[in-house]
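Residue numbers count from 1 along this sequence. Just so you know, ligand 1 is whichever comes first in the structure, and atom 1 is the first atom listed for that ligand. These numbers come from a predicted model, not from an experiment. When reading the values below, keep in mind they use all heavy atoms of this one structure, side chains included, and skip hydrogens, waters and symmetry mates.
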Amino acid sequence: MNPSLLPGQPHFAYRGDQLFAEDVCLGELARTYGTPLFVYSKAAMLSALAAYQRGFAGRKVQICYAMKANSSLAVLQVFARAGCGFDIVSGGELQRVLAAGGDAAKIIFSGVGKTREEMQQALMAGIGCFNVESEAELEVLSEVATRCGATAAVSIRVNPNVDPKTHPYISTGLKGNKFGVAHERALQAYQRAAALPGLRVAGIDCHIGSQITEERPYLDAMDRILDLVDSIEAAGIPIGHIDFGGGLGIDYNGDTPPQADALWAHLLARLDARGYGARELMIEPGRSLVGNAGVCLTEVLYLKPGEQKNFCVIDAAMNDLPRPAMYQAFHQIVPLERRAGPASIVDVVGPVCESGDWIGRDRALNVRSGDLLAVLSAGAYCMSMASNYNTRGRAAEMLIDGAAARLVRRRETAKDQMSGEILLE
Ligand SMILES: *Cc1c(COP(=O)(O)O)cnc(C)c1O
């Protein structure tokens, strides 16, 4: 009855009753390395990337992995070796890309609040482009670049005011959002950028939100951006590249986002129709490259029957998997070893002292204490958002490549957590 493949995650499947990632039995991994444990499939990452590469075949494109989705060094190495650039949002992320062997010239720096220090670091490293989010930032960046004797390549992030139809916390392209320069002010901002001494206008960009499951918002944003390119170039400012951001959704629970190759076939047809098909293009996918390439393994600590709810207390928590607490997000939860027998309805919760610390509500599971579970679709915005709340060490991480399993982050200890602190005399 149960399909052996997990929805949206073809690199994770049951063989008999045991859940595997590629050719590795996850139950064995959990017993060897302990839990909570993040496990990523390299093949899943590369096949997600390949869908974009197919979609853009024959085009001038730079795919910049939006690394805030998962910034672990081994993940960055996989994408760097596959030729990706990176979309970064902080000086810390810059250092991670460089540590992972990424090419600085393929880095674009996004974010509404870059500090002078971060701008300087990025200029010194020789990054490809700054995605500037306000007119005030243009002034500061020009000043910093001039002081460093450098010229900063810029693209202005335009807010196209389209509704991505996603959760309000992850929609970024509407008028009420803090992101980007309003569409109406964009031309003026470009004129300012072109006049500033430390800047060179390189392109234009937009990013309308995350977990987008429809094609329509992308088409609308593309039209709005191309209208702007027309008017900016008519004002005598050439736009080198067009960056369409990231945001493509994944299947968490029967979601049906377009596939990256199909989506881009349609978008590129529109681009061609409007005469922009030969431009240099950029995209900034995050979640869609890693989200369904990772799972989080966890152990059932206690079953706690109650009058209104039955709880299944696991050893992973909101500090490891923050999306349910932050966005009421849904992650599927499945056993590492399937067992026959009736399921009961439980709320799957973590040990953290917050009622918001739930991972899944009203799930049908047939589990006992000591059982191992996998929280699915945990490759994006989980480890990179993990915290030490309750002085919980961050989980270990493993990368699977065929039958090989490699530990790529050891479990964080309490000593690690305290290492930067200074006791009173
Ligand atoms: C977060 C972000 C992305 C990636 O979004 P996903 O939904 O993970 O694809 C791309 N560009 C910018 C500017 C971002 O902030």
- Query: Run the side-chain contact (heavy atoms from CB on, under 4.5 Å) check on Q9 and V295 step by step: do they pass?
  - Reply: CA-CA 10 Å; Q9 309 206 112; V295 298; 4.1 Å; yes
- Message: Apply side-chain hydrogen bond (donor to acceptor under 3.5 Å, both in side chains) to residues E215 and H266 and explain how you reach the verdict.
- Response: CA-CA 9 Å; E215 194 168 296; H266 295 164; 2.8 Å; yes
- If you measure only the distance, is there a donor-acceptor pair under 3.5 Å linking the side chains of N319 and S387? no
- Check ion pair E135-R192 (N to O, under 4.0 angstrom): no
- Message: Against the six-membered ring of F330, is R363 placed for a cation-pi contact (under 6.0 Å from the centre, within 45° of the normal)?
- Response: yes
- Query: Parallel, tilted or perpendicular for F56 and W264, by the 30°/60° rule?
  - Reply: tilted
- Item | Within the 4.0 Å heavy-atom sphere of ligand 1, strictly under, residues | A66, K68, D87, S110, R157, H207, S210, G246, G247, E284, P285, G286, R287, Y381
